[in-house]
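Following: one structure in structure tokens, then a few remarks.
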Amino acid sequence: MAQRLSVLYEKKPCYDIVFERSFDGLWEELAKFDADKRRLCIVTDSTVDSLYGGEVLGCLEGKCLKAVKYVFPAGEEHKTLDTVRELYGFLIREGFDRRDMLLALGGGVAGDLTGYAAATYLRGIDFVQLPTTLLSQTDSSIGGKTGVDFDGYKNMVGAFKMPRLVYLNLSTLKSLEDRQFFSGFAEVMKHGIIKDAGFYEWLLEQMYEICERDLDVLEEMLVRSCGIKKLVVEKDPTEQGDRALLNLGHTIGHAIEKAKNFTLSHGECVALGTVAAAYISWKKEMLSMEEYYEIRDMFVPFNLPISVEDIDPGEILRLTKSDKKMEAGSVKFILLKKLGKAVIDRSVTDEEILAAIDEIHFSDEDAHE
Ligand code: GLY
């Protein structure tokens with residue numbers, strides 16, 4: 001029997017996260033939502049389509065009213081309203097109505113974009129998440145955040161829309177390039193750092209098996225990591241409070257991501273942003289120096305950066321302050337009281353932000369020291 005977690009919304013069961021190792025069990029899960037009486041559209045990008053598009057379509061064909069696939073070009077630059085607009089057109093031409101359902105197959109881009117289309121097409125239709133990257137399996141497929149980037153601003157336009165199901169085929173993690181795998185791992189570490197020091201220590205103990213992508217260990221890792229995310233989003237589904245803790249490392253991280261023109265992966269930027277946040281926490285005497293260095297150095301064995309070249313600190317500060325995490329003129333930072341306990345802080349000054357950027361900025365002078 002596959003492991004599963006039930007995610008509550010307003011204290012009632014809303015959707016399950018199912019941990020599988022193939023797509024063989026997918027139809028049985030979809031059948032619980034009368035999928036045989038519905039049209040189903042798989043939405044995926046060109047990379048994931050070539051790996052799993054045919055297989056997933058094969059699981060649906062002949063079992064439902066109609067099974068179709070909409071493929072958009074891979075890449076964050078396609079997470080836009082233009083792609084959503086084209087998807088709306090496709091759904092209209094294929095005769096999709098309010099009873100029909102979308103299946104987001106892929107990473108965060110496919111999940112966020114499909115979820116947003118599902119939230120808005122005909123004022124809302126059902127959708128299912130079939131995440132195939134570590135980032136989407138541990139983070140973006142859970143909790144109902146959907147949306148697209150707008151004019152270079154990440155996730156600027158979106159909606160909360162809960163999926164009907166999150167179906168994880170863990171075997172898909174084997175097909176990820178190392179860089180993409182470790183990018184997702186940054187979000188797994190984040191869950192330990194903000195909420196569960198025991199889980200964080202366990203991750204470090206399992207370092208070898210995780211890097212080898214041992215499926216038993218990855219399954220336990222994801223059940224625990226998704227379990228943390230589930231508790232956070234159940235308590236605060238629309239980010240009025242504690243859900244913001246999940247943004248650890250994202251404040252300065254998003255700024256670096258944008259300044260570097262998306263040449264660094266999201267997880268790499270989250271790792272850098274987390275080092276910066278931990279540094280600010282140390283300087284504000286919330287963390288000890290030993291705790292700061294422990295958090296910083298543990299990204300290294302998982303191929304995640306703790307410093308970055310060629311950034312303009314002034315630009316990173318400006319971008320940090322233009323992020324949507326600004327509230328009433330102050331940046332909403334997530335800082336650390338200790339490993340496993342994150343807090344929201346609105347008192348971080350420009351000087352503290354600049355000092356943290358300096359800490360993660362690898363300059364020519366560092367190289368010559
Ligand atoms: N990825 C952050 C959140 O779901 O709130």
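Each ligand, and each atom within it, is numbered from 1 in the order the structure gives. The figures here come from the full heavy-atom set of this structure, side chains too, leaving out hydrogens, waters and symmetry mates. Positions are given from 1, in the same order as the sequence printed here.
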First locate atom CG of Asp97, then atom OH of Tyr121, and finally report the distance between them rounded to the nearest 0.5 Å. 7.5 Å
Provide, line by line, the atom pairs where ligand 1 and the protein bring an N/O atom each to a distance under 3.5 Å; else say none.
from	atom 1	to	atom 2	distance (Å)
ligand 1	1 (N)	Asp139	OD1	3.1
ligand 1	1 (N)	Asp139	OD2	3.2
ligand 1	4 (O)	Lys229	NZ	2.4
ligand 1	4 (O)	Arg243	NH2	2.7
ligand 1	5 (O)	Lys145	NZ	2.9
ligand 1	5 (O)	Arg243	NE	2.7
ligand 1	5 (O)	Arg243	NH2	3.3

Side-chain heavy-atom pair Leu339, Glu294 within 4.5 angstrom cut-off: yes
Aromatic rings Tyr292 and Tyr279: how do their planes relate, parallel, tilted or perpendicular, breaks at 30° and 60°? perpendicular
Beyond-backbone contact of Leu105 with Lys69, side-chain heavy atoms, under 4.5 angstrom: no
In Å, rounded to the nearest 0.5 Å, how long is the span from CG of Leu168 to OG1 of Thr132? 10.0 Å
State, with a plain yes or no, whether a side-chain heavy atom of Glu220 is found less than 4.5 Å away from one of Asp216. no
